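In what follows, chains are A, B, ... by sequence order, proteins preceding strands, each numbered from 1. Because the structure is a prediction, the values reported are computed rather than measured.
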2 protein chains.
Amino acid sequence: MSTKNKILDAADVLFANKGFNGTSLREITSQANVNLAAVNYHFGSKKELIKAVMSRYMDELSPRLESALSLICQAELKPTLHEVFSAFIGPLLHLNDFKENGTSTFLQLLGRGYTDSQGFLRWFLTTQYPDVFTNFTKAVNIAYPELTAEEIFWRLHFTMGTIVFTMSSSEALIDIAQNDFDNELDIAGVIERVIPYVAAGVGAPITNIEPLSLR
Amino acid sequence: MSTKNKILDAADVLFANKGFNGTSLREITSQANVNLAAVNYHFGSKKELIKAVMSRYMDELSPRLESALSLICQAELKPTLHEVFSAFIGPLLHLNDFKENGTSTFLQLLGRGYTDSQGFLRWFLTTQYPDVFTNFTKAVNIAYPELTAEEIFWRLHFTMGTIVFTMSSSEALIDIAQNDFDNELDIAGVIERVIPYVAAGVGAPITNIEPLSLR
DNA sequence: AACTAGTTTAAACACCTGTTTAAAATAGCG
DNA sequence: CGCTATTTTAAACAGGTGTTTAAACTAGTT
């Protein structure tokens with residue numbers, strides 16, 4: 001295996017578990033059994049390594065996600081929100097074939113990127129992979145046309161939060177659930193449980209919220 | 001103002017904005033206009049300072065939260081989930097009286113603590129303030145008795161994720177929303193929008209999930 | 001005024017950080 | 001082989017980290 005890939009494989013697991021700031025290049029290179037300077041030689045800097053780690057997953061995920069969503073948008077029957085969110089299951093679980101524990105690693109990375117490094121990842125995703133967002137918004141709009149653009153905006157970000165945050169700590173949660181309820185569960189099981197939750201959340205009835213000035 | 005409080009006031013803002021790992025003691029002490037060694041003198045270590053920052057908020061929040069939840073549990077009418085989650089609004093917004101921007105600072109800290117420092121905060125909260133969790137579970141159980149304990153467990157963690165994650169990036173989201181939709185919004189407005197979402201999520205119809213072994 | 005306990009201070013400690021350097025090793029190709 | 005270009009290596013760099021030290025300072029009390 002190439003040095004570049006050895007670094008990427010070691011980096012994404014460490015980044016997912018300990019965050020970008022919390023992982024040093026020395027940890028990565030010794031885990032990958034390569035020289036310290038290899039990171040700067042092959043990637044230029046730590047920041048570029050982070051981008052490369054994310055891109056490797058996003059390039060694998062985003063085409064599958066886009067085709068799944070466009071399939072839903074073009075269907076004859078109006079899709080339910082549950083169907084819209086279910087469109088994520090396949091592409092996300094495919095990351096497990098792409099790399100061992102790929103799904104949860106990627107979702108953890110997503111969570112790290114959102115909170116570490118002050119919004120750098122949000123910029124990265126929205127500028128590098130804008131179609132994922134717009135297709136998703138479009139699909140939700142078809143499934144629930146009464147929602148205003150602003151309400152979709154907020155509810156989609158709530159959904160992002162639910163997914164990303166849950167998956168960031170999914171391993172710990174699965175452990176607790178197994179101890180307390182003797183229920184064997186894996187990452188796919190968690191996804192199956194979270195879909196009805198977010199679908200119901202996005203599909204919540206519209207409530208009037210008075211503007212600030214009238215309160 | 002005492003040196004101890006000057007440190008706490010500087011620390012919680014910096015911790016909220018840049019994370020625990022991302023904030024150095026030198027940043028904190030220079031922001032607070034105190035000597036570097038003051039942190040170790042007054043708190044012992046950086047880790048103890050983090051605990052002190054969180055405790056200051058939790059001690060202000062948890063009694064109000066517990067009484068609000070017990071009020072709901074003892075009411076004659078069965079409460080709706082919307083009412084259960086609305087019980088959080090008052091205690092959370094009270095943190096704004098306690099300290100400027102206290103509500104969003106605290107919720108950001110909560111998010112930091114969950115993802116920084118590998119589950120240390122979850123341990124801290126569940127061991128130091130266990131009543132908040134059990135009271136909350138009890139209230140949800142009254143409002144939606146059909147939910148099994150395991151389903152409540154998962155849905156409450158989804159909810160934690162939604163709230164904490166949204167609030168971690170609430171400032172950025174509010175900015176975007178103001179630009180895109182000309183809608184003035186503050187932290188209270190975000191809370192009002194997220195309550196229907198999580199209430200609907202927790203109240204989602206129960207779906208049968210086949211155990212792993214049968215799939 | 002003198003002593004004491006609590007607090008603040010500047011300096012140093014040992015260690016870790018990302019990055020760069022220049023020499024050594026390796027591979028590819030005519 | 002001999003030459004070149006790519007890659008790997010160990011060492012050093014400059015700067016940042018949390019923590020400790022011992023001296024200086026500040027009340028408060030007798």
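Comparing dT8(C), dG18(C), dT19(D) by their closest approach to the side chain of Leu25(A) singles out dG18(C). Distances from the side chain of Tyr41(B) to the nucleotides dT19(C), dT7(D), dT7(C) place dT7(C) closest.
Using a 4.0 Å cut-off on heavy atoms, the residues of residues 43-56 of chain A that approach DNA chain C are Ser45(A), Lys46(A), listed by number.
Legend: residues meeting salt bridge (charged side-chain N to carboxylate O under 4.0 Å, His left out) with Glu66(A), ordered by chain and number and at least two apart, are absent. Every residue meeting the salt bridge (charged side-chain N to carboxylate O under 4.0 Å, His left out) condition with Arg64(A), not counting sequence neighbours, appears here in chain and number order: Glu60(A). Residues that satisfy the salt bridge (charged side-chain N to carboxylate O under 4.0 Å, His left out) test with Lys46(B), not counting sequence neighbours, are absent from this structure. By the side chain to side chain contact (heavy atoms under 4.5 Å, CB included) test, Ser2(A) pairs with Lys4(A), Asn5(A), sequence neighbours left out.
The pair Asp9(B)-Arg56(B) meets the salt-bridge criterion, since a charged nitrogen lies less than 4.0 angstrom from a carboxylate oxygen.
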Report all interatomic pairs (protein N or O, nucleotide N or O of nucleotides 21-28 of chain D) with separations under 3.5 Å.
none

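Side-chain N/O atoms of Arg26(B) and base N/O atoms of dG16(D) include no donor-acceptor pair closer than 3.5 Å.
Using a 4.0 Å heavy-atom distance criterion, Ser2(B) is classed as making no nucleic acid contact.
Listed pair His42(B) / dG6(C) fails the phosphate criterion, with no side-chain N or O lying under 4.0 Å from OP1 or OP2.
The distance between the ring centers of Phe136(B) and Phe85(B) falls below 6.0 angstrom.
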